[in-house]
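To keep things clear, I will list the structure first and then write my remarks on it.
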Amino acid sequence: MQDNDALGRYLNGRVRNGYLTARLERENGGGEPVFDREAGTLHPENLALSRAGLRLFLRVSGLYRRGQRNARRLHVRDHALRLPNLPAGMRGFRLLHLSDLHIDVDAAFADELAGQLVGLEWDACVITGDFRYQTNGDPTPALAGLERVRRVLDGPVYAILGNHDSIRMVPAIEALGIRVLLNEGVVLGDGQGSGIWLAGIDDPHYYRQHDIARALEQRPASMPVLLLAHSPEAYREAADAGVDAMLCGHTHGGQIRLPGGLPLVTNAVCPRALTGGAWTWQELRGYTSVGAGSSVLDVRFNCPAEAVIHRLDHRPQD
Ligand SMILES: [Fe+2]
């Protein structure tokens with residue numbers, strides 16, 4: 001963990017004035033509360049009593065073990081992601097999309113996840129936030145787990161922070177060879193001088209220090225934009241900024257769904273259609289991953305953990 005001065009020096013030139021102070025102030029509050037006064041939203045899932053009650057119900061009903069097994073079995077999905085004006089050299093480019101690893105849920109999970117990622121074929125990997133299980137506390141176990149996962153990711157990896165992640169984790173994440181995009185962007189190229197602008201913003205759900213305009217500032221003219229945002233809640237801002245496509249996570253797709261697929265909680269202020277899988281909103285295309293890990297409880301029902309391989313395409317899918 002970095003002290004504030006060292007962190008400021010590390011991020012010097014990458015973040016706007018006041019960003020670090022505002023981020024740390026909100027972090028010092030201890031993570032998302034049951035009632036977020038600033039956003040005016042209620043989060044009953046953060047109530048220890050809710051977690052304990054749900055765990056007790058699942059244990060008494062004999063469902064807990066099954067839910068744990070569901071949470072640890074990764075489904076790999078293929079998805080064609082349309083980007084209009086995609087350069088010819090990027091057609092068919094494969095993006096492995098991981099989200100919401102919550103990797104320190106227990107000591108075994110990182111190796112189990114890593115084992116399920118071995119052998120997947122992709123060109124670049126993006127991780128859309130939430131490395132840590134808790135919203136605060138020591139990130140060392142999450143960073144150690146991430147190191148084990150990074151070892152099997154044989155290619156470039158880009159990431160953004162989620163509402164469970166501390167800005168203090170950035171230097172250690174980047175030391176693993178994972179480029180964190182803090183309201184920044186990079187060219188994801190085809191090696192022939194063309195590519196797409198891969199932009200990433202800070203968590204728009206709880207920390208709300210995200211800045212899409214800043215993430216697009218360095219974008220070469222007319223280059224298609226793919227935005228990484230932890231939560232789909234930034235959808236309006238992304239559409240207004242002219243983003244072509246957006247990859248996100250955060251909702252876990254509900255993590256526990258009723259038979260038929262209805263999520264009990266999604267923890268996101270946005271249309272239900274945006275809380276899991278592929279979606280469109282006006283001209284904006286998006287995909288919200290239901291996540292590879294779990295939080296609140298280490299169980300999943302009717303909502304399998306997933307890794308998504310997005311294949312970039314310039315043609316309409318329907
Ligand atoms: Fe999450």
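Start at 1 with the first residue, then count along the sequence. Counting convention: from 1, in listed order, for ligands and their atoms alike. Basis for what follows: all heavy atoms, side chains included, without hydrogens, waters or symmetry-related copies.
A salt bridge is defined here as a Lys NZ or Arg NE, NH1 or NH2 lying under 4.0 Å from an Asp or Glu carboxylate O, and R148 with D111 meets this definition. Under the 4.0 Å criterion applied to side-chain N and carboxylate O atoms, R23 and D202 are assigned as salt-bridge partners.
Using a cut-off of 2.8 Å, one finds that H252 contributes an N/O/S atom close to the Fe ion (ligand 1). Not one N, O or S atom of H164 sits under 2.8 Å from the Fe ion (ligand 1).
At a cut-off of 3.5 Å, with distance as the only test, no side-chain donor of Y207 or E27 sits close to an acceptor on the other residue.
The side-chain heavy atoms of N28 and R26, taken from C-beta on, include no pair separated by under 4.5 Å.
Our summary of the site lists the angle at the Fe ion (ligand 1) between OD2 of D130 and OD2 of D100 as 90°, to the nearest 10 degrees.
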